[in-house]
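To start, the structure under review is shown below, and the notes come after it.
Just so you know, ligand 1 is whichever comes first in the structure, and atom 1 is the first atom listed for that ligand. Computation of the quantities below employed the complete heavy-atom set of this structure, encompassing side-chain atoms and omitting hydrogens, waters and symmetry-equivalent molecules. These numbers come from a predicted model, not from an experiment.
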Amino acid sequence: MTNTYHSDEYAQVYARSLTEPESFWSEQAAHIPWMKAPETILDQDENGVWRWFSDGVMNSCFVALDQHVEQGRGDQTALIYDSPVTGTVEKYSYSELLAKTAVIAGGLADLGVSKGDVVVIYMPMVPETAAAMLACARIGAIHSVVFGGFAPKELAMRIDDANPKVILAASCGIEVDRVIPYQPLLNDAIDLAEHKPDHVVMLQRPQCEAVLSAPRDVDWRAWESGASPVGCVPVAATDPLYVLYTSGTTGKPKGIVRDNGGHAVALNYSMGAVYGVGIGDVYWAASDVGWVVGHSYIVYGPLFAGCTTILYEGKPVKTPDAGAFWRVLAQHRVKSFFVAPTAFRAMRKEDPDCELLQQYDISSLEYQFVAGERLDPPTYHWLKEHLDVPVIDHWWQTETGWSICANMAGIELLESKAGSCTLPAPGWDLRVLDADGQEVGPNQEGAIVIKAPLPPSAFPTVWKDHQRFEDSYWSEYPGFYLTGDGGYRDEDGYVFVMGRTDDVINVAGHRLSTGRIEEVVAEHPAIAECAVVGIADPEKGQVPVGLLLMKDGVNQDEGALQSELVQAVRSAVGPIANFKRAIVVPRLPKTRSGKILRQVIRKMIDGQEYVVPSTIDDPGIVDELRDTLSRNGWLG
Ligand code: COA
Ligand code: AMP
C-alpha cells in the first residue's frame with residue numbers, strides 16, 4: 001500500500017531507514033560508546049536470523065552509566081526513587097548509581113556469576129533492582145526479571161527455563177498499604193522448580209524481614225558491603241543482555257532474548273526520536289521493571305540517553321489519591337511521561353473531572369505517551385481535554401523492545417487520530433496481510449506483520465527454543481514477523497491496532513495467556529473442559545472469564561465452583577490475572593476438528609458482531625450458548 005504522509009521530514013527519515021538500513025543504523029550506532037566499533041552492520045547468524053553490529057564489542061552498563069561519568073555528568077541525577085508506599089524520595093547521581101552497580105556486580109562475581117550466566121531478579125520497584133540489572137550487564141551475565149505479581153508456579157516455570165545461578169530477591173513488595181512477603185513465594189517456587197539456584201541474595205526491607213537460611217541465602221546488605229567494585233566486561237553486540245518471559249498462546253511462557261548492541265543503539269535512538277528527550281531531561285515511565293516497559297524505559301533507555309529516570313513504587317490511585325501521578329510530574333519536573341491507558345482509566349474513575357490536577361504545576365510536561373494496550377477513545381479524549389500537551393499512542397511489544405509505531409515527537413509531530421498509533425517508526429517495514437498473505441487495502445483489517453530484517457533491538461530468538469521462535473513468529477507468513485496483533489491502515493497509512501488475533505489477552509496492561517488460565521481451570525476435578533476468553537472491561541481493558549463444562553455426574557454448586565476456580569488461578573498464575581467470573585454451559589462451540597471457537601464466544605459476550613465459521617461442528621450450539629449467557633445476565 002502507498003503511504004501518503006503529511007510530513008516530509010518523517011517521510012524522509014522513514015524511507016531512508018528502509019532503503020538504506022545499514023547506513024541509517026550505523027549512524028545511530030555512532031552515538032553510543034563501543035569498545036570495538038562494528039564494521040559489519042547487518043548480517044545473518046547461523047539460524048538465518050538478521051543480526052545487527054555482529055562484530056561490535058561493548059557493554060550496556062558502560063553505555064548506561066560509565067560513559068556519562070567519564071563525560072563529566074557524574075553529578076547529574078540518574079535515578080529518582082519515588083515511593084509513596086514507603087514515604088521515600090531518594091536521588092542517585094550517575095556517579096552514585098555507578099558506584100552501587102559496580103559493587104553489586106562485584107558481589108555477583110564473588111558468588112561465582114560470570115559472563116553468560118543467568119541471574120533471576122524477583123524484586124519490587126526499589127533502586128537496588130535497577131542497579132542489579134545493570135550489575136548483571138556489567139559482568140556480561142544475563143538477567144531475567146520476574147514481575148512480583150506472579151505466583152510461585154509461574155516463577156518456578158521461569159526458574160526451570162532460565163536455570164539461574166543466583167536469584168536476587170527482596171523480602172517484600174508493597175501493594176498500596178498491603179505488605180506482600182516475597183520469601184514464601186520464592187521458596188515455594190524453588191521447591192516446585194527442578195533447577196535449584198546456588199544462592200538467593202535477599203534484600204531485607206523493614207516492612208517484612210525474611211528469615212535467611214545459610215549457606216543458600218545471603219543477606220544483601222552484608223553481601224554488598226563486603227564486595228569490591230568491578231569494571232565492565234566486554235561483550236559482543238549479539239550476546240544476550242536479558243531474557244524476559246512473556247505470555248504466548250500456550251501455557252508455557254516464552255523467553256524473549258534481547259541482545260546488547262542493537263538494543264543500546266535502538267533505545268538510545270528512541271529516546272530522542274520517539275520521546276523527544278536527551279541529556280539532562282527528566283523522563284518517567286510509570287510501569288514496573290518486571291515488564292518490557294520497565295526494562296526499556298525505566299532502566300536502559302533513559303540511562304543510555306543521559307536522562308534522569310524515575311522509579312515509582314506506587315499506583316495511580318490510592319497512593320494516596322488519583323492525583324499521585326500529577327504530584328510526581330510536578331515534583332520532579334518531568335518532560336516526557338509514558339504510562340498504560342489502564343492507569344488513566346483508574347484515575348478517571350476516581351476523579352472524573354481531573355480536579356486534582358489543579359493542585360499541581362505540570363508545566364514541565366511536553367509529551368504524554370501511552371502504550372501497553374489499545375488507547376480507548378474515551379481515555380484519549382479525557383487526556384486531550386485535561387492535558388495541554390500532545391497525547392501520543394504508540395504500539396510495541398516485549399519482542400520488539402521499542403515502538404513499532406509512534407508519532408515521532410523527536411522527528412516531527414504529525415496530526416494524531418483517535419484510536420491510531422500513527423505511523424511505523426523508522427526501521428519497521430509494516431504490512432497488513434489477509435489470510436492468503438496478500439496485502440489488504442485501506443481500512444481493511446488483517447494480520448499486522450513486519451518484513452525482515454527487523455530493526456535493532458528486535459529479539460533474535462526464544463531462549464533455548466529457537467524452533468518456537470520460527471514456529472510462532474515466522475512460519476505463517478515466511479519472511480514476515482507475525483506480531484500477533486490485527487488491525488488496519490487508513491487511507492493515510494495510519495495504523496490502527498485492534499487487538500490480538502491469538503489467545504493472548506491484555507489485562508490492565510499485563511500480557512497474559514488464556515491458555516495458561518485454561519490449564520489451571522481444567523485441573524479442577526469437577527471440570528471436563530473449559531474455554532477462557534478475554535472480554536472487554538471498562539477499567540482493566542480486558543478481563544478473562546471462564547466457560548465451563550462439568551464432568552458427567554458432578555453436581556457442584558456453581559457459586560462455590562467459581563470461588564474455587566478464582567482462588568486456583570490466583571495461586572497458580574497470580575492476582576494480576578484478574579480472573580473473577582466463570583459460568584457453567586451445556587456445550588462449547590467448536591470446529592469439526594475440535595477447536596473451540598473462542599473468538600465467537602468473546603464477540604458474543606462483548607456484544608460485537610460475529611461470524612460463525614462454516615467449519616463449525618454443530619451450529620445449534622451457538623444459539624444454545626447465547627441463550628445460556630443471556631439467561632445468566634452475561635450479555636449486558
Ligand atoms: N505484586 C503483588 N501483587 C500485585 C502486584 C505486584 N507487583 N501488582 C499487582 N498486584 C495485585 C494487586 O494488588 C491486585 O490484587 P487484589 O486482587 O488482591 O486486589 C491484583 O494484583 C490485580 O492488580 P491490577 O489489575 O494491576 O490492579 P491494581 O489496582 O493493583 O493496579 C494499575 C492498577 C492500573 C495501577 C496497574 O494495573 C498498572 O500499573 N497497570 C499497567 C501495567 C503496565 O505498566 N504494563 C506495561 C505496559 S505500559
Ligand atoms: P507486551 O509484550 O506486554 O508489551 O504486550 C504487547 C501487546 O500489547 C501487543 O501485542 C498489543 O496487543 C498490546 N499493545 C501494546 N501497545 C499497544 C497500543 N498502543 N495499542 C494497541 N495495543 C497495544
Counting heavy atoms only, which of Ala324, Gly509, Ala371, Ala151 comes nearest to atom 48 (S) of ligand 1?
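Comparing heavy atoms across Ala324, Gly509, Ala371, Ala151, the nearest one to atom 48 (S) of ligand 1 lies in Ala371.
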Less than 4.5 Å apart, any side-chain heavy atom of [X] and any of [Y]?
| X | Y | value |
| --- | --- | --- |
| Gln397 | Val292 | no |
| Trp396 | His394 | yes |
| Pro426 | Ile411 | yes |

Identify the closest protein heavy atom to [atom]: which residue and atom is it, and at what distance?
| atom | result |
| --- | --- |
| atom 8 (O) of ligand 2 | Asn506 ND2, 3.1 Å |
| atom 6 (C) of ligand 2 | Trp396 O, 3.6 Å |
| atom 24 (P) of ligand 1 | Lys540 NZ, 3.6 Å |
| atom 38 (C) of ligand 1 | Ala508 O, 4.1 Å |
| atom 18 (C) of ligand 2 | Glu373 O, 3.3 Å |
| atom 35 (C) of ligand 1 | Pro316 CD, 3.1 Å |
| atom 5 (O) of ligand 2 | Arg511 CD, 3.5 Å |
| atom 30 (O) of ligand 1 | Lys315 NZ, 2.7 Å |
| atom 47 (C) of ligand 1 | Val293 CG2, 3.4 Å |
| atom 26 (O) of ligand 1 | His510 NE2, 3.1 Å |
| atom 15 (O) of ligand 1 | Arg178 NH2, 3.6 Å |
| atom 25 (O) of ligand 1 | Asn578 ND2, 2.8 Å |
| atom 2 (O) of ligand 2 | Thr398 OG1, 2.5 Å |
| atom 9 (C) of ligand 2 | Asp485 OD2, 3.2 Å |

Measuring from the heavy atoms of Gly173, does anything fall under 4.0 Å of ligand 1?
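No heavy atom of Gly173 comes that close to ligand 1.
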Any heavy atom of Glu373 sitting closer than 4.0 Å to ligand 1?
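Distance cut 4.0 Å: Glu373 fails for ligand 1.
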Quick one: is the NZ or CZ of Arg374 closer than 6.0 Å to the six-membered ring centre of Tyr380, and within 45° of its axis?
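Arg374 over Tyr380 ring: no.
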Quick check on side chain to side chain donor-acceptor pair (under 3.5 Å): which of Thr422, Asp485, Thr483, Thr400 does Trp395 satisfy it with?
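Looking at Thr422, Asp485, Thr483, Thr400, the match for Trp395 under the side chain to side chain donor-acceptor pair (under 3.5 Å) is Asp485.
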N/O of [X] under 3.5 Å from N/O of ligand 1, yes or no?
| X | result |
| --- | --- |
| Glu175 | yes |
| Arg570 | yes |
| Tyr182 | no |
| Ser287 | yes |

Is it true that the side chains of Tyr360 and Arg327 contain a donor and an acceptor less than 3.5 Å apart?
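Distance-only check fails for Tyr360 and Arg327.
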Indicate whether any N or O donor in one side chain lies under 3.5 Å from an N or O acceptor in the other, for Glu412 and Asn407.
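No donor-acceptor contact under 3.5 Å links the two side chains.
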Classify the angle between the aromatic ring planes of Trp428 and Trp402 as parallel (below 30°), tilted (30 to 60°) or perpendicular (above 60°).
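Rings of Trp428 and Trp402: tilted, 30 to 60°.
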Parallel under 30°, tilted from 30 to 60°, perpendicular over 60°: which one fits the rings of Phe344 and Phe325?
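Rings of Phe344 and Phe325: perpendicular, as their planes differ by over 60°.
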Counting only heavy atoms, which portion of [X] has something under 4.0 Å from ligand 2: side chain, backbone, both, or neither?
| X | result |
| --- | --- |
| Gln397 | both |
| Trp291 | neither |
| His510 | neither |

For ligand 1, which atoms have a heavy atom of [X] less than 4.0 angstrom away?
| X | result |
| --- | --- |
| Thr342 | 34 (C), 40 (N), 41 (C) |
| Ala343 | 34 (C) |
| Ala340 | 41 (C), 48 (S) |

Which is it for Lys417 and Asp492 under the salt bridge (Lys or Arg N to Asp or Glu O under 4.0 Å) test, yes or no, and what are the steps along the way?
CA-CA 11 Å; Lys417 299 189 188 188; Asp492 297 321; 2.7 Å; yes
Does [X] reach the main-chain N or O of [Y] with its side chain, forming a donor-acceptor pair under 3.5 Å?
| X | Y | value |
| --- | --- | --- |
| Trp284 | Tyr312 | no |
| Thr88 | Pro84 | no |
| Asp606 | Gln608 | no |

Is any N or O atom of Gly372, backbone or side chain, closer than 3.5 Å to an N or O atom of ligand 2?
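Gly372 vs ligand 2: N/O contact under 3.5 Å present.
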Looking at ligand 2, does any of its N/O atoms fall within less than 3.5 Å of an N/O of Glu399?
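It does not: no N or O of Glu399 is found under 3.5 Å from an N or O of ligand 2.
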Can you name the atoms of ligand 2, numbered from 1 with element, that are less than 4.0 Å from a heavy atom of [X]?
| X | value |
| --- | --- |
| His394 | 16 (N), 18 (C), 19 (N) |
| Asp393 | 18 (C), 19 (N) |
| Val497 | 21 (C), 22 (N) |

Can you confirm if the aromatic rings of His386 and Trp382 lie within a centre distance of less than 6.0 Å?
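Close enough - the centres of the two rings lie under 6.0 Å apart.
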Which residue in the set Arg345, Arg500, Lys540, Arg511 passes salt bridge (charged side-chain N to carboxylate O under 4.0 Å, His left out) when paired with Glu373?
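Answer to the salt bridge (charged side-chain N to carboxylate O under 4.0 Å, His left out) test with Glu373 among Arg345, Arg500, Lys540, Arg511: Arg345.
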All ring pair (Phe, Tyr, Trp, His ring centres under 6.0 Å) counterparts of Phe459, not counting sequence neighbours
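Result, ring pair (Phe, Tyr, Trp, His ring centres under 6.0 Å) vs Phe459: Phe469, Tyr473, Tyr481.
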To check you understand the geometry: which heavy-atom pair defines the closest contact between Leu413 and Pro390, and what is its length?
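Heavy atoms only, the tightest pair is CD1-CG, 3.5 Å.
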In the complex you have, is atom 45 (N) of ligand 1 within reach of the protein, judged by whether a heavy-atom distance drops under 4.0 Å?
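True for atom 45 (N) of ligand 1.
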Sort out for me which residue in Tyr367, Tyr297, Phe337 forms a side chain to side chain contact (heavy atoms under 4.5 Å, CB included) with Tyr275.
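The passing option is Tyr297.
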Show me the pairs that pass side chain to side chain donor-acceptor pair (under 3.5 Å) and involve residues 168-185, at least two apart or across chains.
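Checked against side chain to side chain donor-acceptor pair (under 3.5 Å) - neighbours excluded - the pairs reaching residues 168-185 are Glu175-Lys315.
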